Amino acid sequence: MTQPKKNPRVNAEKQKRFRERQKEAGKKQVRGYVSPEALSCYEEIQQKTGWSDSEILSNSIRLMFAAYKCGQIKLLNEWLKDHKR
């Protein structure tokens, strides 16, 4: 049983349409598509810390894991809500 070969251009066309829809929605690709509000937070973090993209991702994962391990996720979420982030 051989499977019929798929046209590789079909997947590329789907990805292209997806990227166009995200751009039309005002989102920019950073490590995925983010809203304009999230992008402004990302840029603010980058300016204040001088971190690269990979450092921001790594440190944000560390922060979330530490909050989880210490049982502080609720506190972190409340802070984000209070500061409209």
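Bear in mind that the values here come from a model prediction, so they are computed numbers and not experimental data.
For Gln47, there are no side-chain hydrogen bond (donor to acceptor under 3.5 Å, both in side chains) partners at least two apart in sequence or on another chain. For Lys16, the side-chain contact (heavy atoms from CB on, under 4.5 Å) test picks out Arg19, Glu20, with sequence neighbours left out. For Thr49, the side-chain contact (heavy atoms from CB on, under 4.5 Å) partners at least two apart in sequence or on another chain are Ile45, Trp51.
A pairwise comparison of heavy atoms in Pro36 and Gly26 identifies CG-O, 3.4 Å as the closest pair.
Sorted by first then second residue, the salt bridge (charged side-chain N to carboxylate O under 4.0 Å, His left out) pairs that include residues 37-48, not counting sequence neighbours, are Glu44-Lys48, Glu44-Arg85.
Atoms CG and OG, on Leu57 and Ser52 in that order, are 9.5 Å from each other to the nearest 0.5 Å. With rounding to the nearest 0.5 Å, the separation of CD in Gln46 from CD in Glu55 is 10.0 Å.
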Show every donor-acceptor pair shorter than 3.5 Å between a side-chain atom in residues 61-81 and any protein atom, with sequence neighbours excluded, or say none if there are none.
unit_1	atom_1	unit_2	atom_2	d
Gln72	NE2	Cys70	O	3.3
Trp79	NE1	His83	ND1	3.3

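Remark: side-chain polar atoms of Ser58 are not paired, donor with acceptor, to backbone N or O of Ser54 under 3.5 angstrom.
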